[in-house]
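Report on the structure given below.
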Amino acid sequence: EVNGQTRVSNAALTDITVSGTFTITNGTYYHTKGEGNILLTVGETLLIDNGNFYGLSHTVAPAPASAVFNFQDFNFQGGIAKFFDLKTSTVTTVIVNCTNNFEITWESNSDLVELVSYDGNNDASLDFTVGGNFSITGNYASAYFLSSKAGGDETVAISGSFSVAGGNAY
């Protein structure tokens, strides 16, 4: 397990930039477990290969944090990806910007990709942009993609094609 920021009471910005490809294979990565804003910039591909990715993961107490994720491509090949899993009752925005293709390949029924996860006390808005194609493949009935469980506005813009050939998309 690799942790970017583990102090749960930290309200500071956690900004991480990877110039090349960011790969998680059979491991777990937390960008922050704190209460502050996060910025993750990946110059090439965010690749999750049977690993676990948690961007902002803080469900202990409400926090007014926002999150921005920028990457060229997203390539998910099994595991768990939760970009924003936070209690928040303030107006906040989660931005997920994929310049090229957003590709999900299910490897098991327990696989999931959630952009905005926490649904108990969460008023976050989502701006999700895919500059190329968005594809979901893999014959696993319980695997799923979820854009948002939150109560805020949701804007999704896909410049290319969108296809679902396995699992579920919500």
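Annotation: the span from L115 atom CG to D85 atom CG amounts to 12.0 Å, rounded to 0.5 Å. Rounding to the nearest 0.5 angstrom, the gap separating the CD atom in E107 from the CG atom in D49 is 7.5 Å. Note that CD of E114 and CZ of F53 are 13.0 Å apart. Values are rounded to the nearest 0.5 Å. Atom CG in N75 sits 12.0 Å away from atom CG in N100 (nearest 0.5 Å). Between N109 atom CG and N139 atom CG the span is 9.0 Å, to the nearest 0.5 Å.
For the residue pair S148 and L126, the shortest heavy atom distance occurs at CB-CD2, 4.2 Å. Closest approach of A124 and V116 over heavy atoms only: CB-CG1, 4.5 Å. Listed here is the closest heavy atom pair of I95 and T93: CG1-CG2, 3.9 Å. What you find for V164 and A169 is that their closest heavy atoms are CG2-CB, 4.0 Å. Here the closest heavy-atom approach between residue G79 and residue D111 is recorded as N-OD1, 2.9 Å.
F134 and F145 have their aromatic ring centers within a separation under 6.0 angstrom. Remark: aromatic rings of F74 and F83 are close, center separation under 6.0 Å. Ring centers of F102 and F76: at least 6.0 Å apart, outside the cut-off. Two rings, from F69 and F84, have their centers 6.0 Å or more apart.
Within a 6.0 Å sphere centred on CG of N26, other residues, nucleotides and ligands contribute more than 12 heavy atoms.
Put simply, the side chain of W106 reaches to within 4.5 Å of the side chain of V113, judged on heavy atoms. No side-chain heavy atom of V130 sits less than 4.5 Å from a side-chain heavy atom of S159. By the 4.5 Å heavy-atom criterion applied to side chains, L39 and N70 are counted as neighbours. In this structure the side chain of K82 reaches within 4.5 angstrom of the side chain of L112, judged on heavy atoms. Taking the side chain as every heavy atom from C-beta outward, H31 and I16 approach each other to under 4.5 Å. Side-chain contact between N50 and Q77 is absent, with no heavy atoms from C-beta onward closer than 4.5 Å.
S161 meets the side chain to side chain donor-acceptor pair (under 3.5 Å) test with no other residue; sequence neighbours excluded. In this view, S66 and N37 satisfy the side chain to side chain donor-acceptor pair (under 3.5 Å) rule, not counting sequence neighbours.
For residues 38-47, the pairs satisfying side chain to side chain donor-acceptor pair (under 3.5 Å) are T21-E44, with sequence neighbours left out.
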* To do: Would you sort out whether S110 and S108 count as a side chain to side chain donor-acceptor pair (under 3.5 Å), showing the intermediate values?
  => CA-CA 5 Å; S110 60; S108 76; 3.0 Å; yes
* Using the side chain to side chain contact (heavy atoms under 4.5 Å, CB included) rule, take S117 and L146 through it: C-alpha gap first, then chi angles, then the decisive distance, then the call. => CA-CA 8 Å; S117 298; L146 172 75; 5.8 Å; no
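Without hydrogens or angle criteria, N101 side chain to N133 main chain gives a donor-acceptor distance under 3.5 Å. Remark: the backbone N or O of N52 is not paired with any side-chain donor or acceptor of Y29 at under 3.5 angstrom. Checked by atom type and distance alone, the side chain of N168 pairs as donor or acceptor with a backbone atom of A141 at under 3.5 Å. The backbone N or O of D153 sits less than 3.5 Å from a side-chain atom of S125, completing a donor-acceptor pair.
Results of the side-chain contact (heavy atoms from CB on, under 4.5 Å) test with F71 over L40, L47, V96, T99 single out V96 as the only residue that passes.
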